[in-house]
Amino acid sequence: MNEELIVSGRSNPFIDPSLNIWHWQIPLYLFLGGLAAGILFFASLYTILGREEQCPTAVRKAPLVVPVLLVLGLFALFLDLKHKPYFWQLYTTIKLQSPMSWGAWVLMAVTPLSFIWAALNIKEIFPSWDWKFSWLINFEKICRKNILPLSWMIIVLSVILGVYTGILFSAFNARPLWNTSILGPLFLTSGLSTGAAAILLISKSSAERKLFAKIDVLLICIELFLIVHMFMGFLASTQVQIDAAELFLGGPYTAPFWVFVVALGLVVPLILEILELKKIHVPAVVPAILVLFGGIMLRFIIAFAGQSSRWLY
Amino acid sequence: MTSRRQFIKISAYGAGAMAMGAGVFGAVKHLSAPAAENLVVDTSRIPTYCEVCFWKCAGWVYKNEQGKIWKITGNDEDLNCNGRLCPRGTGGVGMYYDDDRLQTPLLRVGERGAQTFKPVSWDEAFAYISEKMKQIAKEHGPECIALFTHGSGGTYFGDLLKAFGSPNITAPSYAQCRGPREVGFIATFGEEVGSPENTDIRDTKCLVLIGSHIGENMHNGQVQEMSDAIDKGAAIITVDPRFSTAASKSKYWLPIKPATDNALLLAWIHEIIYKEYYDKKYVEKYCFGFEQLKGHVRNFTPEWAYGITTIAPDIIRETAKEMANASPAVIIHPGRHVTWYGDDTQRSRAIAILNALLGSWGRRGGFFRPEKVSIPSFPHPPFPEPSRSWRNAFPNKYKLADLALASGICEATIPSTARDCTFKGWIVNGTNLIETLPDQKQTLTAIQSLDLLVVIDTMPMEITGWADVVLPECTYLERYDSIRTGPNRKPQVALRMPASEPLYDTKPAAWMAKELSKHLGLEDYFNWTTIEEMLDWQLKQIGSSLEEMKRIGVKTFERPADDLYFSDNEEVEFFTPTGKIELYSTSFEAEGFDPMPIYTPHEEPPQGFYRLIYGRGPAHTFSRTANNPNLTDIMDENLLWVNLKVAKLWGLASGQPVWLKNQDGIVSEFPIKVRVTERIRWDSVYMVHGFGHADKRLRRSYGKGTSDTKLITRVHIDPIMGGTGMRGNFVTFLTEKPAETEVAL
Amino acid sequence: MRYAMAVDTKKCVGCSDCVVACQTENNVPIGYCREWVVEVMSGTYPQLEIEIRSERCNHCENSPCVRCCPTGASHYSNGGIVLVKPDKCIGCGACIASCPYDARYPHPGGYVDKCTFCIHRILDGMQPACVAVCPTKCMYFGDLDDPASDVSVILKKRKYKTLIPEAGTKPHLYFLI
Ligand SMILES: Nc1nc2c(c(=O)[nH]1)N[C@H]1C(S)=C(S)[C@@H](COP(=O)(O)OP(=O)(O)OC[C@H]3O[C@@H](n4cnc5c(=O)[nH]c(N)nc54)[C@H](O)[C@@H]3O)O[C@H]1N2
Ligand SMILES: Nc1nc2c(c(=O)[nH]1)N[C@H]1C(S)=C(S)[C@@H](COP(=O)(O)OP(=O)(O)OC[C@H]3O[C@@H](n4cnc5c(=O)[nH]c(N)nc54)[C@H](O)[C@@H]3O)O[C@H]1N2
Ligand code: SF4
Ligand code: SF4
Ligand code: SF4
Ligand code: SF4
Ligand code: SF4
Ligand SMILES: [Mo]
């Protein structure tokens with residue numbers, strides 16, 4: 001028999017028996033960031049493609065929630081910080097090797113842009129909105145004139161933001177479950193997919209809904225492919241990564257992952273959306289909500305399971 | 001080494017916040033130790049010697065800039081510790097900062113044991129005690145008051161008791177601890193092993209541990225020297241039913257069937273004599289009774305021992321050879337807590353004989369000749385001559401006991417027509433008798449028969465709950481005590497002085513004894529005004545002074561002669577009746593005991609029961625540290641070691657709480673968590689002694705783990721010296737919480 | 001200069017004295033620790049073996065904790081010692097998640113804390129508190145670049161290992177085996 005004990009009674013609930021430094025705040029922050037990235041991506045994409053009119057929800061309406069999402073996300077991040085009065089230290093350096101650092105800076109850049117985008121479209125909801133000050137009106141004009149460069153900026157930043165939500169985890173080689181380069185693409189795809197789902201949820205135009213249902217079907221397929229790929233990668237890797245994969249293949253996270261993320265969050269909405277495209281009517285909100293739910297669950301489960309995966313020595 | 005400079009350097013290198021932490025971020029409330037800001041060090045240090053166990057390492061107490069006690073480190077000059085304290089000594093600060101400490105004198109108001117007290121002034125407490133003492137003296141004689149002490153303050157209460165007219169001063173460190181060893185060694189070599197032990201582990205080539213679990217037993221100097229010996233490639237042989245830490249460092253682990261050590265020892269003696277491994281010159285020159293011994297052990301072959309001990313004959317032979325190869329630099333360690341099965345003096349004798357045969361007594365790598373400074377007592381009138389002592393309660397028994405028996409005095413407190421001496425008053429200083437003496441029922445019956453129970457303690461331990469008067473002592477970090485002097489390779493003395501004013505309304509035992517003496521009209525025996533005056537006087541008698549000792553903490557003296565080991569062909573006079581090392585004990589023979597050790601079989605666990613064995617956890621000293629915040633952080637409960645096979649049989653898993661029931665139907669009060677392990681034989685279970693505290697005032701340790709003492713109801717008294725054998729008890733597992741009524745004593 | 005420590009798993013008795021000494025020396029709050037002791041038993045009765053390791057921050061030469069720290073609070077100091085500047089630390093926990101050895105803990109003061117190799121003592125010419133207290137003298141500390149230092153000498157004499165070398169962190173805590 002083998003027996004491994006910490007005999008000095010290490011009783012730190014944050015670290016032992018399993019590392020539990022990140023609670024609900026970080027996964028929520030990552031989910032909101034991914035969702036915001038997804039919406040911004042489509043908004044800027046269809047602007048660049050010049051298809052604003054076919055995709056009014058994606059370009060104009062949905063982005064209105066993005067500043068709210070980002071602020072909430074940042075607030076969740078802030079809540080996670082244990083040394084809050086020193087928050088500003090994030091913005092005293094740029095550390096390229098630290099995903100946390102460049103994530104903070106990307107958000108710093110994206111958030112104001114998302115406000116501008118929302119401001120440009122505020123009349124969608126408040127038709128009688130008036131900017132009152134002349135300089136604000138001028139600023140709006142300048143922005144509208146430069147909408148294409150603005151879109152290019154946003155599309156690049158939204159991809160970075162989407163990838164960042166995954167890289168934040170995958171940069172930690174201390175946590176074998178996280179330590180896979182697939183997390184970046186996976187979280188980006190998931191972010192785009194939740195963005196598409198959000199647009200689906202709000203959109204009233206059937207053409208636009210059809211477009212985004214198609215997009216979502218594609219994204220979900222990519223996501224499923226990435227997940228399978230990720231597990232194959234783990235199982236073909238070192239013992240610690242096999243152990244990490246075991247968390248989902250018989251370990252404590254098996255049921256939550258396969259039921260909530262894969263079945264309810266991916267496969268069921270995939271089927272429903274295909275049915276919808278085949279003109280078999282299903283209420284469109286159902287797959288959209290399931291995708292969003294799956295997106296949240298993915299972040300939470302990966303965050304928690306990752307923290308309990310560790311090197312054994 | 002100024003603190004300022006240090007501060008600047010620290011911040012310069014970026015560790016600044018450790019130095020400024022709480023200043024910047026606000027002090028963290030739940031810190032009970034000094035807060036994070038205090039790395040700016042006030043380098044003044046105060047000498048002390050440790051009171052967390054009885055090894056008495058000398059050290060330094062450091063204070064932080066706020067003048068609060070910060071840390072304790074060892075004194076480099078001290079031979080007991082060589083500048084390194086053990087975890088308990090390092091964690092000694094926790095004794096001071098423990099917020100569950102006793103704070104004021106307490107007087108019992110309800111029934112005894114009901115734990116209802118009222119705070120009183122010191123004067124009231126002393127008036128009450130002295131009234132009762134005088135009354136007992138008048139009705140029964142002053143000898144009917146006994147002092148139980150296991151701590152430094154005992155010196156002063158001892159003097160008080162002697163002045164009062166009672167010689168009955170006892171400690172649990174004899175009949176519950178090392179008594180049998182000392183009697184066995186005195187019978188053999190005419191000298192006790194003593195404390196610190198005179199084992200020359202540092203230079204040994206072969207160390208044999210019979211149960212001694214050095215490394216868990218953290219008696220500092222021994223742990224250090226065992227490590228030195230490992231470095232020098234010494235072979236360690238560990239005989240233990242459990243794979244102890246020491247066993248894991250050993251060349252041989254002999255997982256002996258418990259209670260059969262005498263058979264193994266006799267087989268080793270047989271092997272060493274019949275293979276002629278013994279040191280012929282030494283035996284011839286110094287020993288008495290070799291031929292008798294040779295005849296005696298003729299049939300104790302390794303094959304014979306195999307059937308008893310389960311240790312294979314070739315292992316017995318190999319290990320005997322290993323010892324012989326190392327001779328005389330070999331130590332068959334005498335152990336320390338040796339009150340196991342009631343034939344412990346004979347086991348100690350067998351150990352002593354083995355050492356004698358291998359010529360290790362008085363030899364490098366064996367046992368050195370210790371030396372100590374004797375310190376005169378402060379002048380006082382002669383103590384009155386008592387007319388009776390505890391021995392009167394045991395006519396013709398335990399005559400070879402060289403110290404008073406704590407368990408004996410306890411027994412002699414229960415009224416009996418068969419005795420003319422029944423104790424009426426106990427003064428208990430620094431010993432938690434409830435958890436310390438086996439057979440709790442007897443202890444409690446004795447306590448209920450007392451007219452007076454005074455307890456001097458620092459913590460609200462179980463014993464204080466039964467007291468009439470509780471006198472709160474300040475911790476060792478807040479007081480002077482008598483000069484430490486103890487045997488070692490070189491004679492040394494050490495000073496303990498206060499590093500802080502006593503917290504709360506607590507006082508040193510020395511002060512208490514002196515004040516109480518005034519109430520008893522015995523102030524002449526405490527003829528000093530301050531303890532500093534007395535210590536200074538004593539120190540000046542030995543060529544030092546209080547001023548010097550405050551500076552250096554430890555003073556080393558030269559040995560009067562260069563005789564750490566016997567020199568070649570030295571004529572040595574041993575203090576035995578024959579003046580020789582007695583392989584055949586004439587003093588035992590004279591008292592009607594076996595002059596040479598024999599093996600007697602002991603009862604084995606009944607079906608479904610396991611032998612309860614116990615030992616030490618490295619970070620705790622019995623109850624003493626059970627509530628210490630720094631040490632409960634390391635270990636806050638004891639676990640029950642259960643062999644893998646046994647656990648399978650019972651369906652037990654690690655971490656599962658079980659209750660234990662012993663052969664007499666006694667059930668543990670609190671559950672203990674199982675530790676499934678292959679590190680123990682299948683016929684025994686093991687736990688660390690000192691847990692399972694039942695006093696709710698101990699907030700950190702109440703109900704944590706379980707008490708072995710409660711389950712030790714069957715005591716095997718050593719007929720030779722009255723030691724209380726405590727390992728003849730058997731327990732079984734209860735996986736369901738027992739009913740309240742089952743637990744009651 | 002590259003400070004390093006070596007711990008002899010054959011002599012360590014797992015007494016935790018080092019942990020207690022670290023706690024008092026560095027005012028580590030009760031309930032937290034900068035170091036801990038691991039006991040690994042293997043084999044079957046009666047052929048058993050135990051390795052005991054006193055563990056702490058490895059002061060990795062290629063440390064993920066420094067890399068992932070967004071503010072630079074975690075940094076390399078003198079002789080490669082990895083330290084945290086509490087007044088730069090935002091308590092984001094990234095370094096805690098990034099350390100393969102779980103060597104860091106969130107100090108109740110908000111910042112993250114860990115073993116400092118007792119830099120305040122080293123700079124004063126003393127040994128780290130854990131090394132200085134160890135009753136078995138099983139810890140060795142010093143500069144790897146100085147061939148005469150305790151740690152260099154013992155590493156030359158004995159076989160050793162580091163923990164999770166495959167994590168690529170280049171630990172500076174060696175275990176003599
Ligand atoms: N950390 C720490 N150290 C201490 C103390 C403390 O409280 N804490 N107390 C000090 C004191 S006062 C004393 S007396 C000493 C005691 O220290 P030791 O003399 O070393 O203690 P023992 O209780 O004799 O030994 C306990 C060991 O005996 C084994 N054992 C049990 N039954 C048998 C048996 O039948 N045969 C054999 N061969 N072995 C058996 C147990 O498995 C266990 O490993 O420790 C001292 N050191
Ligand atoms: N079941 C069982 N019984 C045993 C043993 C065992 O292993 N198992 N071991 C035996 C052995 S070897 C021994 S030596 C004895 C030890 O027996 P004890 O010496 O009785 O054991 P401790 O728990 O150390 O008790 C010390 C008491 O002193 C108090 N104290 C601590 N510091 C001070 C101080 O500065 N001043 C005063 N006045 N009080 C203080 C503590 O609060 C505690 O109540 O126990 C023996 N009894
Ligand atoms: S051995 Fe430990 S507890 Fe005992 S006196 Fe020395 S430092 Fe104190
Ligand atoms: S102090 Fe030394 S012997 Fe004790 S656990 Fe630490 S390293 Fe091991
Ligand atoms: S052990 Fe952990 S905390 Fe220490 S330097 Fe390495 S990664 Fe950083
Ligand atoms: S918790 Fe502090 S030290 Fe750790 S990564 Fe965040 S800012 Fe850096
Ligand atoms: S080097 Fe200092 S800070 Fe690090 S573990 Fe040792 S005592 Fe603690
Ligand atoms: Mo003892």
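Every chain is numbered from 1 and lettered A, B, ... according to where its sequence line falls, protein lines coming before strand lines. These numbers come from the heavy atoms of this one structure, side chains and all, not from hydrogens, waters or symmetry mates. Here the structure is a predicted model, which means the values were calculated and not measured.
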What part of [X] lies closer than 4.5 angstrom to a heavy atom of chain C: side chain, backbone, both or neither?
X        : value
Phe14(A) : side chain
Leu81(A) : both
Ile21(A) : side chain

Within residues 235-244 of chain A, which positions have a heavy-atom distance to chain C below 4.5 Å? none
If the contact rule is any heavy atom under 4.5 Å from chain C, which residues of residues 153-185 of chain A qualify, in numerical order? Phe172(A), Asn173(A), Ala174(A), Arg175(A), Trp178(A)
How about residues 165-177 of chain C versus chain A: which residues have heavy atoms under 4.5 Å apart? Glu166(C), Ala167(C)
Residue pair Val40(C), Glu3(A): steps toward the side-chain contact (heavy atoms from CB on, under 4.5 Å) verdict: CA-CA 6 Å; Val40(C) 189; Glu3(A) 198 184 9; over 6 Å; no
Would you say the side chain of [Y] lies within less than 4.5 Å of the side chain of [X], judging by non-hydrogen atoms?
X         : Y         : value
Asp102(C) : Arg310(A) : yes
Glu35(C)  : Arg10(A)  : no
Asn12(A)  : Pro106(C) : yes

In Å, rounded to the nearest 0.5 Å, how long is the span from [atom1] of [X] to [atom2] of [Y]?
X        : Y        : atom1 : atom2 : value
Asn2(A)  : Glu49(C) : CG    : CD    : 10.5 Å
His83(A) : Lys88(C) : NE2   : NZ    : 14.0 Å
Leu90(A) : Ile90(C) : CG    : CD1   : 3.5 Å
Phe87(A) : Thr71(C) : CZ    : OG1   : 12.0 Å
Lys82(A) : Ile96(C) : NZ    : CD1   : 7.0 Å
Ser8(A)  : Glu39(C) : OG    : CD    : 10.5 Å

Holding to ring-ring contact (aromatic ring centres under 6.0 Å, His included), I want the full list of residues that pass it with Tyr29(A), two or more places apart in sequence or in another chain. none
Is [X] reaching over with its side chain to a backbone N or O of [Y], donor-acceptor style, under 3.5 angstrom?
X        : Y        : value
Lys95(A) : Cys69(C) : yes
Ser98(A) : Cys68(C) : yes
Gln89(A) : Asp87(C) : yes

For chain A, the option from [options] that forms the most heavy-atom pairs under 4.5 Å:
options                                : answer
Ala97(C), Cys15(C), Ser42(C), Gly14(C) : Ala97(C)
Gly31(C), Ser54(C), Pro64(C)           : Gly31(C)
Pro70(C), Gly93(C), Gly43(C)           : Pro70(C)
Cys33(C), Cys99(C), Ser98(C), Ser16(C) : Ser98(C)

Cut-off 4.5 Å, heavy atoms of chain A, and the answer for Cys92(C) is both
Give a yes or no on whether Tyr91(A) atom OH has more than 12 heavy-atom contacts from other residues, nucleotides or ligands under 6.0 Å away. yes
Can you establish whether the number of heavy atoms outside Lys159(C) located under 6.0 Å from its atom NZ is more than 12? no
